[in-house]
Amino acid sequence: MASAARAEAVAPQRTSRPLRAWQQAALEQYEQASPKDFLVTATPGAGKTTFALTLAARLLQRREVARVVVVCPTDHLRLQWAEAADRMGIVLDPNLTNAVGPVRAGTQGYVTTYAQVAGKPMLHAARSTAVKTLVVLDEVHHAGDGLSWGEAVEEAYGFAARRLCLTGTPFRTKPDERIPFVRYEEDTFEGDDGEGGIGLVSRADYTYGYKEALADNVVRPVVFAAYTGTSRWRNSAGEVVAASLSEAGTRSVEMQAWRTALDPKGQWVPHVIAAMDDRITHLREEGGMPDAAGLILASDQDDARAYAKIVRRVTGKAPEVILSDDPKASKKIERFATGSARIAVCVRMISEGVDVPRAAVLAWMTSYRTPLFFAQAVGRVVRARASHESATVFLPAVRPLLGLAASMEEQRNHVMPPPKTVQGDELDLEPLPPKEREPVTLKQFEALEADARFAHVLASGTAHTGEGRPAAEPLAAEEEDFLGIPGLLTAEQTASLLAKRDDELRIRIAQRAHSDDTGELPIVDDHPDEDDAGRSWRDAAELRREVNRLVARVAAKTSRPHGVVHTELRKAVPGPPSASASVDVLRARRERLRTML
């Protein structure tokens, strides 16, 4: 009854903060049309979650829907959605599995993943049609990643009452790989051979781009600091090759130079980590962000662990290491988001949707280079909390990344170009870089060394080197406010300042180059579990564990099988199996078991 009363009380004013102008405008547009399908394209950090949950609250209150289902890319985001919904008075269960049939009593719906939907699409179809349901497809472009996910989503939610699609980074994909429930229109494209063709482009019902969000102070302005350097490696013929990151020539040489720069044994990585740490220190001490933090993106787990050791050596503090196969990854993300650690090293784990508002610095130390991944990763550091905040992205000065940085403010739609008419690979659009697709062995390639030096600042699509300032001319006091308040420095002044800092860092790293690096990273104890009272899906999970423990004790005491005890318990306290039972039923069963001991 308490849950029902809570659902009845859901109202738009339950949001934790006033709606932003774009959210209010999008809601008004939705309510005027009351559509079955609605696509919102909003830049990362703009507040898509708040918009979706506010709409869900209104539809629940008016009883236009009776259930809300959220589909998201990862398990961690399930928890994040459930927490956000709970703050608005909507109880969404993030722990409902495909093994459990009905939606649990005492909830207004659940949060699942695209992978789960693909596992049993008909189960999710039954859940979404049993009552009028609003289905929220978060980062819906994932339904176009592969045909299996897209087909499963269409099969599961083709007959749902309402569908709300959200995305922050529509992208170019293969011809005919449509995203379900998205409207497309024909458009003209120029093919790789220079000839024209007809393709398809998605059309959002409401669009809120990075440029608009920046003007509204919803997101932080981003400074891209590009670092070049000379890489040396041994090729498959045994020859030693040297090339600059920013002047590598052919695409193949560029990739080898880039890969060598990212090798933990070289000097490019520690130099950029030192620059990143310097930026974090400034933000904390002078930039009005005492909790400022940074993210390092690594290509794989081996690199992530090696980078973590470099962070400890360069900064004197161990970072948080967040790996996708770590069962504690979600807890580590939450701890980093709310804690005081300076740096987190991760492999894709924080690339999409994860909310870490205090993260304002990003170091791009991965060979991933797709537009989708770039926009999502940069989106982790642009969420604004105050108008004076800014974000800094340190990246290799290579053509693919500089091109993506220069197009940051462009409005993007989901694009399906005409079929290709020429042979060859797609420039910088493959889903994974060569390192992930075709592992390179030491017999074919061996990274030898790489140095690093500041190349330029990228601002508004233009590179600024800062070379126009005489070398002996001192920086003014206000310029020493290292990339401080946005607009305080011109792009040229910012570049000069970074070049000056780069020289200082070179000296600092040289002094630390011979430091001992003994022992492993210190073990950080997990934080104690938070008090989850009052959250039905958390209560239910703990109650199920407690019921199972008590059943085991009763079975041991009476010398009866567990299944017999469970059967008797369900007769004494009627209701569905524990996996789908409500909190009230589980509490009653717990009390019943206690009387049997």
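Keep in mind that this is a model prediction, so the values were computed, not measured.
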* Does a salt bridge link E568 with K571, judged by any charged N lying under 4.0 Å from a carboxylate O? -> no
* Please examine the side chains of D303 and M365, heavy atoms only from C-beta on, and report whether any two atoms are closer than 4.5 Å. => no
* Is the number of heavy atoms from other residues, nucleotides or ligands under 6.0 Å of R592 CZ greater than 12? -> no
* Is the backbone N or O of A82 less than 3.5 Å from a side-chain atom of D86, with the two atoms forming a donor-acceptor pair by type? -> no
* To do: Could you give me the CA-CA distance, side-chain angles and deciding distance for R594 and E591, then say whether salt bridge (Lys or Arg N to Asp or Glu O under 4.0 Å) is met?
  => CA-CA 5 Å; R594 286 174 175 172; E591 298 308 313; 3.0 Å; yes
* To do: Give a yes or no on this: more than 12 heavy atoms of other residues, nucleotides or ligands lie within 6.0 Å of atom CZ of R553.
  => no
* To do: Report yes if the side chains of L96 and T112 come closer than 4.5 Å at any heavy-atom pair, otherwise no.
  => no
* **Axial cation check for F336 ring with R358, 6.0 Å and 45° limits** => yes
* Structure fact -> Interatomic distance, CH2@W81 vs NE2@H76, rounded to 0.5 Å, equals 13.5 Å
* To do: Return the orientation label for the F373 and Y368 ring planes: parallel under 30°, perpendicular over 60°, tilted otherwise.
  => tilted
* Asked: Under 4.5 Å between any side-chain heavy atoms of Y114 and V140, yes or no?
  -> yes
* Hey, does the side chain of W22 reach the backbone of A46 with a donor-acceptor pair shorter than 3.5 angstrom? -> yes
* Kindly give the heavy-atom pair with the smallest separation between S367 and L262, and that separation in Å. => N-CD1, 3.8 Å
* Structure fact -> Between V135 and A160 the two heavy atoms that sit nearest each other are CG2-CB, 3.7 Å
* Does a side-chain heavy-atom distance below 4.5 Å link Q80 with L77? -> yes
* Asked: Can you check side-chain contact (heavy atoms from CB on, under 4.5 Å) on R20 and Y208, steps first, answer last?
  -> CA-CA 11 Å; R20 291 166 175 161; Y208 188 66; over 6 Å; no
* **S34 side-chain N/O to E31 backbone N/O, donor-acceptor pair under 3.5 Å** => no
* Asked: Between E64 and K132, is a side-chain contact (heavy atoms from CB on, under 4.5 Å) present by the stated rule, with each step listed?
  -> CA-CA 7 Å; E64 294 180 29; K132 286 188 176 180; over 6 Å; no
* Worked verdict on H124 versus V69 for side-chain contact (heavy atoms from CB on, under 4.5 Å) -> CA-CA 9 Å; H124 293 273; V69 175; 5.7 Å; no
* **Donor-acceptor under 3.5 Å (D291 side chain, S340 main chain)** => no
* **Interatomic spacing from CG in L362 to CG in L297 - rounded to 0.5 Å** => 5.0 Å
* Asked: Within the distance-only criterion (no hydrogens, no angle test), does the side chain of Q23 pair as donor or acceptor with the backbone N or O of T50 below 3.5 angstrom?
  -> no
* Report the distance from atom CG of L19 to atom OG1 of T54, rounding to the nearest 0.5 Å. => 5.0 Å
* Side chains of V71 and H142: does their closest heavy-atom pair fall under 4.5 Å? -> no
* Do K48 side-chain atoms and A42 backbone N/O form a donor-acceptor pair below 3.5 Å? -> yes
* Calculate, to the nearest 0.5 Å, the distance between atoms OH and OG belonging to Y110 and S128 respectively. => 6.5 Å
* Asked: How about H141 and Q376: do any of their side-chain heavy atoms sit closer than 4.5 Å?
  -> yes
* Might you point out which heavy atoms bring V117 and A156 nearest each other, and give the distance in Å? => CG1-CB, 3.7 Å
* Structure fact -> Looking only at heavy atoms, the pair that brings P121 and A152 closest together is CB-O, 3.8 Å
* Asked: Do L39 and F181 have side chains that get closer than 4.5 Å, going by heavy atoms?
  -> no
* Structure fact -> Closest non-hydrogen atoms of R383 and E389, given as atom of the first, atom of the second and distance, are O-OE1, 4.2 Å
* To do: Please report the shortest heavy-atom distance between A588 and V573, naming the atom on each side.
  => CB-CG1, 3.7 Å
* **Test item: N98 side-chain N/O and Q116 main-chain N/O as donor-acceptor pair under 3.5 Å** => yes
* Go through M289 and R385 one step at a time and tell me if the side-chain contact (heavy atoms from CB on, under 4.5 Å) criterion holds. => CA-CA 10 Å; M289 292 183 64; R385 299 178 299 180; 3.5 Å; yes
* **Distance (rounded to the nearest 0.5 Å) between K332 NZ and E320 CD** => 6.0 Å
* Close side-chain approach of C165 and L137, heavy atoms under 4.5 Å -> yes
* Asked: Judged by atom type as modelled, is there a donor-acceptor pair below 3.5 Å linking the side chain of R380 to the main-chain atoms of V356?
  -> no
* **Point-to-point distance, once rounded to the nearest 0.5 Å, from CG of L60 to CD1 of I90** => 5.5 Å
* N/O donor-acceptor pair under 3.5 Å between R342 side chain and D277 backbone -> yes
* Asked: Just wondering, are more than 12 heavy atoms of other shown residues or ligands nearer than 6.0 Å to NZ in K36?
  -> yes
* **Distance-only side-chain donor-acceptor flag, R162 / Y30, under 3.5 Å** => yes
* To do: Flag this pair as yes if the NZ/CZ of R163 is under 6.0 angstrom from the six-membered ring centre of Y157 and inside a 45 degree cone about the axis; otherwise no.
  => no
* Do the ring planes of F374 and W364 sit parallel (below 30°), tilted (30 to 60°) or perpendicular (above 60°)? -> tilted
* **Heavy-atom donor-acceptor pair, R67 side chain to T133 backbone, under 3.5 Å** => no
